[in-house]
Amino acid sequence: MRPSLASCLRRAGLVAAVPLLLAGCTAGQPVDAGGDNGQGGLAFVLLAVMVFIFAFGMFAMDRVRRRRDPDDEE
């Protein structure tokens with residue numbers, strides 16, 4: 001029996017995700033907030049960007065959920 005295309009893509013995605021997840025376990029720190037080179041401002045800006053991306057994602061996911069299920073209106 002031959003696996004479907006979706007199954008093959010899912011496996012390929014998992015195989016690609018494992019090295020990415022393992023690479024995040026290193027002790028590297030891309031931005032040092034307490035650095036002497038003025039990187040504290042960069043750390044703040046990156047934190048703000050991450051918060052906005054998270055908030056936008058939450059609102060976007062809620063909107064998609066409400067569009068798919070019109071019976072769940074408050």
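Residue pairs meeting the side chain to side chain donor-acceptor pair (under 3.5 Å) criterion with at least one member in residues 42-57: none, sequence neighbours excluded. Sequence neighbours left out, not one pair with a member in residues 44-56 passes salt bridge (Lys or Arg N to Asp or Glu O under 4.0 Å).
Other residues sharing the hydrophobic cluster of Leu9, ordered by chain and number and joined by side-chain separations under 4.5 Å: Leu5. Cluster partners of Val15: none. The rule joins Ile, Leu, Val, Met, Phe, Trp and Tyr whenever side-chain heavy atoms lie under 4.5 Å apart, and it links nothing here.
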Side chains of residues 53-64: which donor-acceptor partners sit under 3.5 Å, not counting sequence neighbours?
{"from": "Asp62", "atom 1": "OD1", "to": "Arg65", "atom 2": "NH2", "distance (Å)": "2.8"}
{"from": "Asp62", "atom 1": "OD2", "to": "Arg66", "atom 2": "NE", "distance (Å)": "3.3"}

